[in-house]
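Excluded from the calculations below are hydrogen atoms, water molecules and symmetry mates; all remaining heavy atoms, backbone and side chain alike, are included. Note that the structure is a prediction, hence the values are computed from the model and not measured.
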Amino acid sequence: MEGFDNIFAINHRLSLFFLGLLLLLASALSLANAETHNHDFVIQATPVKRLCKTQNSITVNGMFPGPTLEVNNGDTLVVNVVNKAQYNVTIHWHGVRQMRTGWADGPEFVTQCPIRPGGSYTYKFTIQGQEGTLWWHAHSSWLRATVYGALIVHPKEGSPYPFSKQPKRETAILLGEWWNANPIDVVREATRTGGAPNVSDAYTVNGQPGDLYNCSSQDTVIVPIDSGETNLLRVVNSALNQPLFFTVANHKFTVVGADASYVKPFTTSVLMLGPGQTTDVLISGDQTPSRYYMAARAYQSAQNAPFDNTTTTAILEYKSSACAAKNCSSNKPIMPPLPAYNDTATVTTFTTSFKSADKTLVPTDIDESLFFTIGLGLNPCPSNFNKSSQCQGPNGTRFTASMNNVSFVLPSNFSLLQAHHQRIQGVFTTDFPANPPRKFDYTGNVSRSLFQPVAGTKLYNLKYGSRVQIVLQDTSIVTPENHPIHLHGYDFYIIAQGFGNYNPRTDPSKFNLVDPPLRNTVAVPVNGWAVIRFVADNPGVWLMHCHLDVHITWGLATAFLVENGVGQLQSIESPPEDLPLC
């Protein structure tokens, strides 16, 4: 039997080698029409006035949100980032596969050391085999509150969208959060006190709060549409800490894509996006010419947790001659109904409607079957801390968070990828547990003895080509919550999700191995679970974390170390010469 196993392993490696060779040839053919796009990003402090107050916000090129980047499938981006701000910064290209270009992925102390004030770094990568809406954002502390923008990947030159109707217009809709304070000060204060950070003061659409906030109506975003036309809205949840509902009065959406992958079209009147997720929708100008509010508000699944309960708006405005004759621009916009803040049933209906439009290659013979619990935790107040000022979590504790009872700690002297590439010892270990160290009733009444995780920089090692399945299980430690879990460097298939504790005997019968959606961020249901699968075909160190930034601040993360495969095509590229030093 051992001989057969060896033959099988050799055949599997050869198959991966030849597959890589075929992909390289296909890539070379597609590059014949590909372009290289060069951009300069200057990170700088810029006065930004919102809610009657001016903040000195960190921006890219003085813009909030930052510039929209547009490329075609197969194009290369070269972005030179110059840091003229007072904080360390990195830029993450959210959802880009970064095949063999992990040095360009961007998370601070994971794939690079930060760009120090006065420093610079050039990100260079090719976007291949992805079409739709991605985005970019800072991946240092809470800078992404204002440092973010859309990254739109069009089909290859001359290729249409695979929609029944080609859109007349395209509009990026970036949903965000705004604080009447410096977001860096907000997270630093929370880190000092051990309590939860202050919630935002407003939500925004393309950087503007909208009509329902003070001093905001003059700059409310207007989205044009004409009677009879079909437009494409590219919706991104770039909020820091809040899943959001999004809807437009009297109009329905046809969902056609998510996370730069096409989906089988379906109709809905409301979207729900966790932070990090994108959704592409078609909207038709089939209503009476007028003005209609586009609105977003919180989906809040955590129990007894404070949240920003305000509503941001933009305006869908008809530009037809009929509307002009009636002077529609002076009409008060029609307000849509929005789901209740805790409407998990609507969220479930929406998230389970996604199916891949294209033929899928879901891994079936699994090499690595992993089970990760995710959730919050509470650390006791250290003896040398002031309990009243430094331990403001529940009952005099400090908030923490973990996966499989490990609260992730970033290094500070080297990046993880640098330490791996240069074989530097003592920066991380590869003993992240494949399963929770202790089984318990994950969504039930959890013992207080399980509230305190172990801090560490633990990675999970994957051989190149491994076929991976991960069960992501929410827990009710402190509070259950919907967690948007993002995996860097990969797309994955969401083959199932449900509520309660995952049952390995009965729940596999629910697996969709035919047309599951391909995503880079999965919203793990509150008090529930999700199962994802992918092939580890991209060598490097890849962060997996909750995209609620307060949770990654507390340690709700881990990272995969994916080994090089056979030969150059299955190995990470050498680090760029201008890679920042720690």
So, for [X] and [Y], is the gap between ring centers shorter than 6.0 Å?
{"X": "F399", "Y": "W554", "result": "yes"}
{"X": "W93", "Y": "F125", "result": "yes"}
{"X": "Y341", "Y": "Y299", "result": "no"}
{"X": "F372", "Y": "F432", "result": "yes"}

* To do: Rounded to the nearest 0.5 Å, what's the gap from CG on N520 to CZ on F492? Could you check?
  => 6.5 Å
Whether the side chain of [X] engages the backbone of [Y] through a donor-acceptor N/O pair (distance < 3.5 Å, no angle test) should be reported.
{"X": "R144", "Y": "L240", "result": "yes"}
{"X": "N501", "Y": "G528", "result": "no"}
{"X": "E177", "Y": "N241", "result": "yes"}
{"X": "W136", "Y": "P67", "result": "yes"}
{"X": "S415", "Y": "Q418", "result": "yes"}
{"X": "S476", "Y": "G444", "result": "yes"}

* Residue of the set H483, H139, H488, H137 for which ring pair (Phe, Tyr, Trp, His ring centres under 6.0 Å) holds with H547 -> H137
Strictly by modelled atom types, are [X] and [Y] linked by a side-chain donor-acceptor pair under 3.5 Å?
{"X": "N435", "Y": "N404", "value": "no"}
{"X": "E481", "Y": "Q303", "value": "no"}
{"X": "N395", "Y": "T397", "value": "no"}
{"X": "Y123", "Y": "Q98", "value": "no"}
{"X": "H92", "Y": "D105", "value": "yes"}
{"X": "N538", "Y": "R100", "value": "no"}
{"X": "Y213", "Y": "T310", "value": "yes"}
{"X": "N461", "Y": "E563", "value": "yes"}
{"X": "T278", "Y": "T133", "value": "no"}
{"X": "S407", "Y": "T400", "value": "yes"}
{"X": "D308", "Y": "S200", "value": "yes"}
{"X": "Y87", "Y": "N182", "value": "yes"}
{"X": "T429", "Y": "D431", "value": "yes"}

* Derivation of the ring pair (Phe, Tyr, Trp, His ring centres under 6.0 Å) call for Y493 and F534 -> CA-CA 6 Å; Y493 293 105; F534 63 95; over 10 Å; no
Identify the heavy atoms of [X] and [Y] that sit nearest to each other, and give their distance.
{"X": "I91", "Y": "V81", "answer": "CG1-CG2, 4.1 Å"}
{"X": "D474", "Y": "N527", "answer": "OD2-N, 2.7 Å"}
{"X": "F64", "Y": "V48", "answer": "CD2-CG1, 4.0 Å"}
{"X": "W135", "Y": "G149", "answer": "CB-O, 3.2 Å"}

* To do: Report yes if the side chains of V471 and V531 come closer than 4.5 Å at any heavy-atom pair, otherwise no.
  => yes
* Heavy atoms, side chains only, cut-off 4.5 Å: are R438 and S449 in contact? -> yes
* Asked: Which is it for F41 and Y121 under the ring pair (Phe, Tyr, Trp, His ring centres under 6.0 Å) test, yes or no, and what are the steps along the way?
  -> CA-CA 10 Å; F41 276 15; Y121 179 47; over 10 Å; no
* Kindly confirm or rule out a cation-pi arrangement of R448 over F451, judged by NZ or CZ under 6.0 Å from the six-membered ring centre and within 45° of its axis? => yes
* Asked: Any cation-pi pair here, R519 with F354, using under 6.0 Å and within 45°?
  -> yes
* Between T90 and E108, does a side-chain hydrogen bond (donor to acceptor under 3.5 Å, both in side chains) hold up when you go through it step by step? -> CA-CA 6 Å; T90 64; E108 184 177 72; 5.5 Å; no
* **Which residues share a ring-ring contact (aromatic ring centres under 6.0 Å, His included) with H420, sequence neighbours left out** => none
* In this structure, which one of N304, L376, V446 forms a side chain to side chain contact (heavy atoms under 4.5 Å, CB included) with V478? -> L376
* Describe, in one word, how the ring planes of H486 and H545 are oriented to each other, choosing from parallel (under 30°), tilted (30 to 60°) and perpendicular (over 60°). => perpendicular
